Amino acid sequence: MVITGNTSEKHCPMKAISMIFQMVTSYGRYRAPIRCFLFRPCLYMSEEGSVQQVHNIVVAENGSDLNVLTGCTSGSSSGTHLGNSEFYVKKGATLHFTMIHAWGEEVETLPRTAVIVEEGGTFISDYISMQPGKKIKMYPAAYLKGPGATARFNSVLVGLPGTLVDIGSKVYLQAEGTRAEVISRTVSLGGEIIARGRLVGEVPGVKAHLECKGLLLHPEGKILAIPELEGRAVDLEMTHEAAVGKIDKEEVEYLMARGMSKEDAISAIVRGFLNVEILGLPAKLKQDLDEIVSESNKAS
Amino acid sequence: MLKIENLHVEIKGREILHGISLEVPDGEVHALLGPNGSGKSTLLMAAMGFSGYAVTKGRVLLDGKDITHIPINERARAGLGIAFQRPPIVKGIKTKHLVAICMNNGKIPGQDTSMRKDVEILAEDMHCRPFLDRELNSGLSGGEMKRSELMQLLAQDPRMVLLDEPESGVDIENIALLGKAINRLLGRNPEPNGKESLKEKRIQRRRSALIITHTGHILNYLFSDRGYVMIDGYIACEGNPRELLGTVEKYGYKECLKCVV
């Protein structure tokens, strides 16, 4: 495995980023034969108004098992980040890709990502957007080309005031026995969030599920959930579930009756809703995320 | 301990309670009887301060302090605790986390291992171990729900307990367990340990309770000091709870209608 990047720990304003490096280097659970190349996993923009253009290629060779934790952030408040990523998951390989975004206020982010999964391969994407910048738009697509290939996308999105988060995941189920699961949890604290999702079943017998759930916690926020299912063959099973709502008062008051303050109760419920537990993040990163949720609640 | 004075409560603009007054002194257990829809739960929910239960007149006092308009968590911290009849499912929060929070006076505890141990011991006692790691109230049976509520209350250790039909939806075997847990919660039926007399023990641990019971089954496991019959948002009758229950069993609540002013 090769890791290169244009940042180092001392340049990173976010403690999270150094955590990520530690994770990448210590996570190892690699099985031979493995040959993976990973370019610029940690991206740092330092100059105002700059344009950062990157191209990532990740190849998980046959039977390999790779975890990649990557973070993108900026020291500058403005700029544009354009990222193209290609992921190749070869036969029987597993690629678990975790990405954390935390951008400056005026940064626009437009990543483009495609994933090809071969026979028996598994692609897992866990994406967390803590500070979306001014605008972030991405709609990665996974092509499950080999029989029994699997893709799973989990996204946790927090929309702060003045931001636009337009994020979704597409999965094309193109071979026998392929499976997909796309789950997004969004919380708007005043920002605009578009949560997309698209499943395309191209052959019989495939199974897939799509879930877009949002909590709207601020009167100026907006959440648009667009779950799409496209069946192109008989005998397939694709489902979706979408919801936009508020925090249930009964739940808050239930926790308050046990002595919790209203703020703590709301934070606990929002954290539970975001379901960050399942992502298996390093403790420090989880703590950072918890802090953002708590702080944001106070602000709203 | 708890005093309710001429309490009028509205739900969605409709008056449900029309001037309820009662007092539960230190260390006493009082039972609220009454048919469905008579306002028993409304009284408990209003006393705890839940939104949607608007107090339009009257007061709720805890240890002489007016708590009618303070937030729910402040009431909890002042020593008022409630067991819900149908607690809501809270996604993403594990039962054991809330029990630890109850033990820690409503605050989120740090990495305290001794507390984790205490939570496990309590869960073992309350037969709640199997769902300690589950999301709060998710997929619980009737009996499990009640045990979970009582476990949380035992961790919270309130001085004044409000119980809403602790026996509803619970089989006979489980009612005995619940009865035992409620007695433990209230410091009743203490067992001798050689040092202090049982009388001393009783005096030391003065917990009070107001318990709603529809069937009265729970009163077989728990001594109660006073009973009330609620009808249509009024207290129609009060007295010895066993006697009241006996009369209701024999003649039904319809006889109590005569006593509603």
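Chain letters run A, B, ... following the sequence lines, proteins first, then strands; residues in each count from 1. Keep in mind it's a predicted model, so treat the numbers as computed, not measured.
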**Met260(A) side, atom CE; Asn105(B) side, atom CG - distance, nearest 0.5 Å** = 12.5 Å
**Asked** Under 6.0 Å from the CD atom of Glu228(A), do we count more than 12 heavy atoms belonging to anything else shown?
**Response** yes
**Complete:** Separation between CG (Leu136(B)) and CG (Leu255(A)), nearest 0.5 Å, reads 7.0 Å
**Prompt:** Between atom CD of Glu250(A) and atom CZ of Phe50(B), what is the distance when rounded to the nearest 0.5 Å?
**Reply:** 8.5 Å
**Prompt:** More than 12 heavy atoms of other residues, nucleotides or ligands under 6.0 Å from CZ of Arg152(A): is that the case?
**Reply:** no
**Request:** Would you name the heavy atoms of Pro71(B) and Met256(A) that are closest together and state the gap between them?
**Result:** CB-CE, 4.4 Å
**Request:** Give me the one residue out of Ile82(B), Asn137(B), Ile72(B) that meets side-chain contact (heavy atoms from CB on, under 4.5 Å) with Tyr254(A).
**Result:** Asn137(B)
**Contact summary for Ala257(A) and Ala76(B), nearest pair of heavy atoms** = O-CB, 3.4 Å
**Asked** chain A heavy atoms under 4.5 Å from Arg77(B): which part of the residue, side chain, backbone, both or neither?
**Response** side chain
**Asked** CD1/Ile269(A) to NZ/Lys91(B) distance, rounded to the nearest 0.5 angstrom?
**Response** 13.5 Å
**Asked** Using a cut-off of under 4.5 Å for heavy-atom pairs, which of Ser51(B), Pro87(B), Cys102(B), Gly81(B) has the most such pairs with chain A?
**Response** Ser51(B)
**Item:** Contact summary for Gln156(B) and Gly259(A), nearest pair of heavy atoms
**Value:** NE2-N, 4.5 Å
**Asked** So, for Ile93(B) and Ala268(A), which heavy atoms are closest and what is the spacing to 0.1 Å?
**Response** CD1-CB, 3.7 Å
**Message:** side chain to side chain contact (heavy atoms under 4.5 Å, CB included) for Ile89(B) and Glu251(A)? Distances and angles first, verdict last.
**Reply:** CA-CA 8 Å; Ile89(B) 291 171; Glu251(A) 292 177 25; over 6 Å; no
**Asked** Given Ile101(B) and Arg258(A), is the side chain to side chain contact (heavy atoms under 4.5 Å, CB included) satisfied, shown in steps?
**Response** CA-CA 8 Å; Ile101(B) 288 167; Arg258(A) 299 291 180 244; 5.6 Å; no
